[in-house]
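Data block below; observations after.
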Amino acid sequence: MKKGWEAVIGMEVHAQLATATKIFCGCAVATGGEPNAFTCPVCLGLPGALPVLNQNAVALGARAALSLGLEIQETSIFARKNYFYPDLPKGYQISQYDKPFSANGILTILTAERDLQGHPVEWKPMTIRIERMHLEEDAGKNVHEGLPDDDRFSYVDLNRAGTPLGEIVTAPDFRTSWQAYDYVNHIRRVLQWVDASDADMEKGNLRCEANVSVRRVGEATFNNKVELKNLNSVRFMQKAIEFEIERQIAAHEAGEFVRQETRLWDEKNNQTRIMRSKEDAHDYRYFPEPDLAPLKITPDYVETVKASMPELPDAMRDRFMAEYRLSFSDASQMVTEKSLADYYETAAKSSGNPRVSANFILSELLRELNNGSLTAASSPVSPENLATLIRTLDKGEINNNQAKEVLVEMFANRKSAAEVISEKGFEQVSDSSIIEKIVDEMIGTNPDQVNAYRAGNEKLFGFFVGQVMKASQGKANPKVVNEVLRQKLSSV
Ligand SMILES: [Zn+2]
């Protein structure tokens, strides 16, 4: 950013709550069906149809709110947000206005500026104020292509109408595009973590908008802000914000007026372009929804939801660092996804070796999972099986390279560690009576070297180890070989 300027960015994220049915009716929340297949009089907005609140939408909303540090309000009120659009048959959206479901959130995220290659420079904690997360229904979709005569007609598909959303609104606390980027990634991960939302931007079940303005450093007032919409990925969002910051600074410096407007990210030309002016902004004429009672949430309910939630990723990362002595970077990588974190914890406990478990998971296992587009939850090698392999390695029965080879084979053919070790002939001979025999033979066939060693040439020890290993075809346990050799060579 140009010196002397700062950006002021606020974020609005719509997260689709992962319910099986819609927020005010029993229609399925599903994609891929025939247009308007998942509809009923309520979500079609037919006269006289009455909405009934889906309890699971409230439960998932509560999980989402708590995972973002928000306070769930004792009473929230659904309100009608009036506007006309073909994909909104009622002529209003049921949302919440001055009494939202949750408010006053304080969320700590980790954020880092990036170098020219896009690598994080230094992760630092940052506290964000989340003003609110309210519950609302989604609208349907207007379809302009892929159907007959689409050069002449547009279509309306109401399958999405009535899908439950949580709209998460922050204070204008972000100062750089990367902070906004790290925030959205944080939200995405944490909502997935607590099973509140699939939070997949590509599938449209997490949508974000950024409000961006700039001002000279030290200025307390806000200039006109631009709303950025239709951001299909976190990376496009970051680029759009970055472009917008530079565009607005240049405009202010040239003495031009920055208009309050909505802009889109134009991926082809790498720039934002105007969608509509905000000067004709809607007055939504919110008023309380007469068909729904105020939503009352008791402290007991909040406690029950809290008790059912898993440990959150940041807490888990800190615990992995304290309990298993992982580095910040390794622990952070381990909590990128809940199934991976759970996998690690099981393997660490079951193997009794958290450090080596982390090494195998972060290198070998993740590589194999990525190659197969799998998650830790669907890994062909269970954490218990990996732990068995690590214990075998710890006992010295196989070496590190062999263990890696065994893991790849376990992964490819869904076999146990023991099976692969025996197939590959990696089983080490630790039986000292067998090794003693080999050592005796070796001593018999190398009398000159043995005499030289006994006369003080200790460098020959390595040679003897080599001979014994060779005679055992590499299967002798090196620890036992060393012990037996020392004992036999010292006794004349
Ligand atoms: Zn319906």
Side-chain angles (χ1 to χ4, degrees), residues 13-65 76-97 99-102 133-148 153-168 191 195-207 282 284-297:
V13 173
H14 283 89
Q16 180 181 325
L17 301 171
T19 54
T21 57
K22 296 183 179 180
I23 185 167
F24 300 123
C25 62
C27 294
V29 173
T31 50
E34 286 287 304
N36 301 307
F38 312 120
T39 56
C40 72
V42 173
C43 52
L44 289 173
L46 300 186
L50 292 174
V52 177
L53 181 60
N54 178 347
Q55 285 193 20
N56 198 33
V58 176
L60 295 186
R63 287 172 88 85
S76 62
I77 308 272
F78 286 99
R80 291 187 179 182
K81 179 181 182 182
N82 298 281
Y83 64 96
F84 174 77
Y85 208 63
D87 64 12
L88 188 75
K90 294 195 296 289
Y92 59 83
Q93 176 191 23
I94 303 179
S95 180
Q96 294 183 313
Y97 185 51
K99 291 217 182 303
F101 178 69
S102 60
M133 187 199 80
H134 64 253
L135 304 177
E136 63 181 26
E137 59 176 346
D138 206 346
K141 266 182 192 168
N142 294 330
V143 184
H144 307 290
E145 44 193 34
L147 288 166
F153 299 121
S154 284
Y155 295 81
V156 176
D157 178 5
L158 295 175
N159 281 346
R160 197 180 69 179
T163 298
L165 302 176
E167 180 174 340
I168 306 153
L191 293 182
D195 294 320
S197 172
D198 294 339
D200 185 336
M201 277 185 91
E202 280 173 34
K203 293 196 178 127
N205 47 37
L206 193 80
R207 306 198 286 268
H282 297 283
Y284 292 117
R285 296 177 51 250
Y286 283 97
F287 65 86
E289 165 61 66
D291 293 336
L292 287 165
L295 174 57
K296 301 270 187 192
I297 300 289

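The model shown is predicted, which means the values in this text are computed figures rather than measured ones. Atoms within each ligand, like the ligands themselves, are counted from 1 in listed order.
Within 6.0 Å of atom OH in Tyr286, more than 12 heavy atoms from other residues, nucleotides or ligands are found, so the atom counts as buried in its surroundings. Atom OH of Tyr85 is surrounded by 12 or fewer heavy atoms from other residues, nucleotides or ligands within 6.0 Å.
A donor-acceptor contact shorter than 3.5 Å is absent between the side chain of Lys22 and the backbone of Arg160. Under a 3.5 Å cut-off, the side chain of Asp87 and the backbone N or O of Ala139 do not form any donor-acceptor pair.
For the Zn ion (ligand 1), protein N, O or S atoms closer than 2.8 Å were enumerated as Cys25 SG, Cys27 SG, Cys40 SG, Cys43 SG, with waters left out.
Side-chain atoms of Asn205 and Ser197 include no donor-acceptor pair closer than 3.5 Å.
Classification of the Tyr284-Tyr83 ring pair by plane angle, with boundaries at 30° and 60°, yields perpendicular.
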